[in-house]
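Chain letters run A, B, ... following the sequence lines, proteins first, then strands; residues in each count from 1.
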Amino acid sequence: MNLIEELRWRGMIQDIMPGTEDQLKKEMTSAYIGFDPTADSLHIGSLVPILLLVHLQKAGHKPYALVGGATGMVGDPSGKSEERNLLSEDILRKNQEGVKKQLMQYLDFDPSKPNSAEMVNNYDWFKDMSFLHFIRDVGKHITVNYMMAKDSVKKRIEGDTGMSFTEFTYQLVQGYDFYWLYQNKQCKLQMGGSDQWGNIVTGTELIRRKAGGEAFAFTCPLITKADGGKFGKTEKGNIWLDPEKTSPFQFYQFWLNASDEDAKKWIRIFTFLDQQTVDALNADHDSDPAARLLQKKLAAEITTFVHGAEALESALATTAKLFAQADAPAESLSIEDLEGMEGIVKKEIAADKLQAGIDIVSLLAETGIFPSKGEARKMVQGGGISVNRRKVEGVDFKADASLLLHGRYLLLQKGKKNYYLIAAV
RNA sequence: GGGCAAGUAGCCAAGUGGCCAACGGCAACAGACUGUAAAUCUGUCCUCUUCGGAGUUCGGUGGUUCGAAUCCAUCCUUGCCCA
């Protein structure tokens with residue numbers, strides 16, 4: 001299977017420009033994807049573009065990861081119904097660094113290889129460009145009519161929030177990136193999410209008109225969830241690639257909780273397993289859906305790719321303790337189990353308060369698990385709180401020192417999956 | 001600069017003098033069911049609360065009124081049209 005066939009099978013191609021496949025067959029091709037420095041870490045939404053670059057490199061082509069230092073300052077209107085807030089330069093610079101560091105992990109930057117990955121930042125070629133230069137050399141080649149026809153623009157013009165000149169210009173800025181890379185790095189291919197199609201095409205158009213060259217592009221579908229929810233969001237917010245922001249355990253759990261339908265799609269997109277393996281896995285899964293083989297494999301593969309084998313081990317261990325032995329009484333957990341659980345939130349309470357006995361509502365509020373007593377009370381009344389894995393039956397429940405595990409800890413749960421370890425100090 | 005519209009909770013959106021902490025939907029959280037799923041059902045969903053209530057809201061500010069999200073004035077923001 002060649003690269004395009006492979007990506008097609010994986011369901012990673014949405015739109016593709018004619019001739020792209022031939023170009024990739026013909027020679028080692030340089031290709032790029034842009035990453036937005038809107039946060040100091042990438043989240044799992046960026047995994048697909050990263051994987052595209054990885055596949056590309058595996059197929060022997062040369063990947064460029066572009067950090068959008070300049071485009072980040074403008075704001076991409078694609079998929080946005082409203083004008084974006086501009087980030088300050090300080091924050092952008094910090095974000096660029098964070099994003100850059102993460103990208104380094106996933107691609108092979110070994111300069112001795114002809115197809116080593118390279119990192120570029122469009123801030124480098126935009127920072128010294130004058131406005132006059134831009135409008136004469138770039139703007140002249142693209143008509144407003146052309147730009148207005150773009151979906152991202154049309155939607156905003158037809159909508160009722162309008163769009164600033166700055167965001168309108170975005171597609172030219174991004175288009176120029178492609179042109180610059182084409183001229184300076186012989187980059188002939190741009191990839192991206194399907195929401196980027198319009199911007200990408202502006203780039204190829206610019207290359208054609210300004211340099212008379214031919215450039216190619218394809219996009220991958222945006223990842224969706226079968227239930228229509230936003231991909232990559234949970235109650236705790238985004239799933240980040242930075243283990244400081246989203247622990248490997250939480251990361252693993254995110255994938256494990258995928259629905260069957262999603263898991264079938266995602267296993268092809270987010271893992272490198274070949275067709276045969278995936279087919280076999282699917283068959284096994286269907287014979288016993290409750291075992292969730294697909295989800296387990298998916299979660300294991302992607303956690304290893306992002307965080308490494310060791311992190312996966314520890315995520316698995318925590319999972320076993322939290323869920324596989326969920327019926328086991330809390331008393332059976334060792335101190336190491338309690339303290340070592342990843343994804344558990346640690347809180348403290350004064351030992352003498354506990355000695356005297358404290359009602360559950362105050363306990364929840366004082367340890368900061370809930371911001372107010374009112375909220376804590378509502379959750380207790382709704383049956384959403386457990387102490388030492390036993391459900392708290394009512395608001396008059398009192399906690400005291402006799403409940404302490406190993407004389408030190410209370411294991412508290414909000415719902416099924418949110419664990420808190422309260423240490424008496 | 002002129003004309004016209006709009007601004008209500010995280011989002012969408014109803015409400016046009018008292019019955020309004022404000023219909024409904026989405027999102028979110030919890031419970032039941034389950035496979036740590038989906039679907040479904042139930043509860044919560046401005047803040048605090050001794051669960052009796054209390055406090056602060058409907059772009060901002062001032063006013064009319066016993067009483068304002070609702071009426072008036074003014075300012076701000078956004079969109080459309082004209083210049």
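For U64(B), there is no paired nucleotide, since no Watson-Crick or G-U wobble pair has both relevant distances below 3.5 Å. Pairing of C20(B), defined by two Watson-Crick or G-U wobble distances under 3.5 Å, is not identified with any nucleotide. In this entry U40(B) has A32(B) as its Watson-Crick or G-U wobble partner, both defining distances falling under 3.5 Å. As the counterpart of C45(B), no nucleotide is assigned, since no Watson-Crick or G-U wobble pattern has both distances under 3.5 Å. Pair assignment for A5(B) gives U78(B), based on Watson-Crick or G-U wobble hydrogen-bonding distances that are each under 3.5 Å. Remark: U70(B) base-pairs with no nucleotide in the shown strands. Criterion, Watson-Crick or G-U wobble with two distances under 3.5 Å.
Remark: S372(A), K373(A), G374(A), R377(A), K378(A), M379(A), G382(A), G383(A), G384(A) in residues 370-385 of chain A come within less than 4.0 Å of RNA chain B through at least one heavy atom.
In this structure, T271(A) and T277(A) have side chains that are not in contact, with every pair of non-hydrogen atoms separated by 4.5 Å or more. F216(A) places none of its side-chain heavy atoms less than 4.5 Å from the side chain of L24(A).
For U36(B), its base sits under 3.5 Å from the side chain of Q253(A) at one donor and acceptor pair at least. The base of U34(B) sits within donor-acceptor range of the side chain of K416(A), with an N or O pair under 3.5 Å.
Between G17(B) and A68(B), the distance separating the two C1' atoms is 6 Å to the nearest Å. Rounded to whole Å, the P atom of A9(B) lies 14 Å from the corresponding atom of U47(B). Remark: the separation of the C1' atoms in C58(B) and C11(B) is 16 Å, to the nearest Å. Between the C1' atoms of U34(B) and A39(B), the separation comes to 11 Å (whole Å).
Here ring-ring contact (aromatic ring centres under 6.0 Å, His included) pairs that include residues 348-400 of chain A, with residues two or more places apart or in two chains, number zero.
The two residues L412(A) and I385(A) make their nearest non-hydrogen contact at CD2-CG2, 4.1 Å.
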Result block: side-chain N/O donor-acceptor pairs under 3.5 angstrom for residues 303-310 of chain A, not counting sequence neighbours:
from: T303(A); atom 1: OG1; to: A299(A); atom 2: O; distance (Å): 2.5
from: T304(A); atom 1: OG1; to: A300(A); atom 2: O; distance (Å): 2.7

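Per the geometry, CG belonging to D396(A) stands 11 Å off P belonging to C51(B), to the nearest Å.
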